[in-house]
Amino acid sequence: MDAVLSRMRDLQACIEDANRRYHVLDDPSIPDAEYDRLLRELEELERSHPDLADPDSPTRRVGDRPSGRFEEVAHAVPMLSLGNAFSDEEVADFVARIEKETGDADPVFSAEPKLDGLAVSLRYEYGVLVRGATRGDGSTGEDVTANLRTIRCIPLKLLGAAPDVLEVRGEVFMDRAGFAAYNERALAEGEKTLANPRNGAAGSLRQLDPRITAKRPLSFYAYALGEVSALPPRIETHSQALAWLRTLGLPVCPETAAVRGLEGVLAFYRRLGERRDALPYDIDGSVYKLDRYDQQRAMGFVSRAPRWAIAHKYPAQEQMTAVEAIDIQVGRTGAITPVARLLPVAVAGVTVTNATLHNADQVARLDVRIGDSVIVRRAGDVIPEVVRVVDHLRPLDSGGAPLHPAYALPLQCPVCGSAIEREQGEVVARCTGGLFCPAQRRQALIHFASRRAMDIEGLGERLIEDLVDLGYVQTVADLYALTLDSFLEMKRRVDLRDGTTPETAKSGKVPSKWAENLIAAIAASRETTLDRILFALGIRDVGASTAKTLARHFGALDALMEADPEALQQVPDIGPVVAARIRHFFAEPHNRAVIAALRANGVHWPEGAPQRAGDGPLAGMSVVLTGGLASMSRDEAGARLEALGAKISGSVSKKTSVVVAGEAAGSKLAKARELGIETWDEARLLAVLSGHGIDAGA
DNA sequence: TGGCCTCGAGTTCA
DNA sequence: CTCGAGGCCA
């Protein structure tokens, strides 16, 4: 019981603190999702232990006291908050409750996006805006009339026949474009940037100088009524009220729609969710309001929220979690990457356990330490990132100093013990162990086997790790000496090491199929091409594209190996730096030995005369492929275009001649349109290929 | 020398 | 996908 009580008091303190920071300081300390979670936990504890509930618990209040910088305003009709639903089930419960209590089997809801901004109340008397206030704690807010008057879409005078008194509730928000522009400027001028658009809106409204507010790109959508002296007749639903507000000149969110029953609200939720990223403003959910006023009255209220409305939240894009450790990863080139190991947390639908910290500079910028609470986000792309540290949750020692020191990169490679060095002016630190370092050896092998290199199917990271750790493979050439027996023996040793039951014991026969397939895949990779083997060798700064150029330019490996720096720099896109790296690679006796061993093991590729000048019908064209093609893969399409002399590039710029856009083409197509670059659909591509005698099929 | 344009390298999870 | 840096051109 003591434990419950102390947990409740802890939660209360956390929530109060978060409230204060959010409402009074405009400086949120924890993400909304975390706040909601804490509040729910406290609510549940209070429900199961009503005797322990504090009468002043934050669950009984909507927000917090105003900051005192502005006049206080008492709301004639309180501004309530909404209950939240985080799952379809909770929405189903909400709808079922309404159906049961109203007796309406198919109730109509007004559904609208839940804008991520700041709730305000506008008071019009005789059609003139006389006062605007923030929500504050729900019953008392702050008078921010002067600031609200600067928002262009808020009418200072209503159109038509307005009632004597009309209070309109709605959301003030900053759209994404405005937010981005604000931060860009703040960054350029060395000012503090805003954490998110909602803070932009809140911070702007709290400016003491309305001239500053006037420069902020704020908008407003009305979504509810407060005090109204006389509602026009025949307004019996929320939808009708919104339509009426529109006629008075008040902006209402165009996404708002009337929907029917559970099916209707869930369909609205999904439709809106799909378009979430495309909307010009941030939303954090949908809101459903029972449309008929008589039904709303029948449902009534619970302490802090109406029972006839609910906010259905989308999975949070930001979450708070704890850093359990900061580990080091060693890349193929020795690059040292610090990685935050996180307490698993669900962010936008997936569980995140790792997040890259990129490099030492980034760690220093964020000042991430072990034990810290951090905000994790999955931004536009998929890869999670640590956005910031929640400073006031940092663990402290008894003296009040941080428990953990600032993180410093180790001086020695944690894998091989070699020195870690950072070259002058470079951002990345590197392990100097080279192929002596097992981590680099492993990465080199993974690279060698990868699809764009030797394309050895089935030889994945796990297998390579075991092969390297157990000493079966030292260099890439050793792969070609592996036999069926060595794989089976290795498997036995792995099972023994991990304590896993050998499959041989379970099935009673030798499960050699996977090993046979692997041997076959390795054998198949013996027949390759010069550009693949060049790429596979893993020369620094020689990627797939440069390898292709080198292969074409020299035609044969020996010619490349003997080329001096001057000869190398004759190759397009090769300058002094890359030339030196290539020379350095081939000067290394170990690398020459590996190449000899590969050849001795039967790895071969066609060699031919150097092709220096690009020719073919599409010579000089720079083509970018994007989106999925139905009749062939992008790689195949690229190979065919290259056969015609075109250059395939990965990014769109004004030098691009054509963008081939397949299914679901994204940002590259958008960029092409923006730059006015010619685009081809798949049909056009096929026509061009067959027009030059290239068979598009198979 | 500065400002593109590219390429390379590293990264997460189902 | 994004960042960093090499290469090229004005």
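Quick note on labels: first sequence line is chain A, next is B, and so on, each numbered from 1. Remember, predicted model here, so these are calculated numbers, not experimental data. All values below come from the heavy atoms of this structure, side chains included, with hydrogens, waters and symmetry mates left out.
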Run the side-chain contact (heavy atoms from CB on, under 4.5 Å) test on A/V659 and A/W680 for me, step by step, so that the C-alpha distance in whole Å, both residues' side-chain angles and the decisive distance to 0.1 Å come before the verdict.
CA-CA 6 Å; A/V659 171; A/W680 292 354; over 6 Å; no

For a quick test of reading the model: is some side-chain N or O of [X] closer than 4.0 Å to OP1 or OP2 of [N]?
X	N	result
A/Q329	B/dG10	no
A/T333	B/dG8	no
A/N354	B/dT11	no
A/T351	B/dC13	no
A/S545	B/dC7	yes
A/R540	B/dG8	no

Candidates [options] - which lies nearest the side chain of [X]:
X	options	value
A/R332	C/dG7, B/dA9, C/dG6	B/dA9
A/D541	B/dT11, C/dG6, C/dC8	C/dG6
A/A335	C/dA5, B/dG10, B/dC7	B/dG10
A/T353	B/dC7, C/dG7, B/dC13	B/dC13
A/V577	C/dG7, B/dA9, B/dG8	C/dG7
A/V427	C/dA5, B/dT12, B/dC7	C/dA5

So, do A/T546 and A/D541 sit near enough that their side-chain heavy atoms are less than 4.5 Å apart?
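Not touching, per the 4.5 Å side-chain cut-off.
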
Take the angle between the ring planes of A/F448 and A/Y480 and call it parallel below 30°, perpendicular above 60°, tilted in between.
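Taking A/Y480 first and then A/F448, their aromatic rings stand perpendicular (interplane angle over 60°).
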
Ring geometry between A/H447 and A/F535 (parallel below 30°, tilted from 30 to 60°, perpendicular above 60°):
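A/F535 vs A/H447 ring planes: perpendicular.
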
Which is more 5' along DNA chain B, the nucleotide nearest A/I539 or the one nearest A/A355? Just name the residue.
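Between the two, 5'-proximity favours A/I539.
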
What's A/V428 touching, base or sugar-phosphate or nothing? Going by heavy atoms closer than 4.0 Å.
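The residue A/V428 makes no contact with any strand.
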
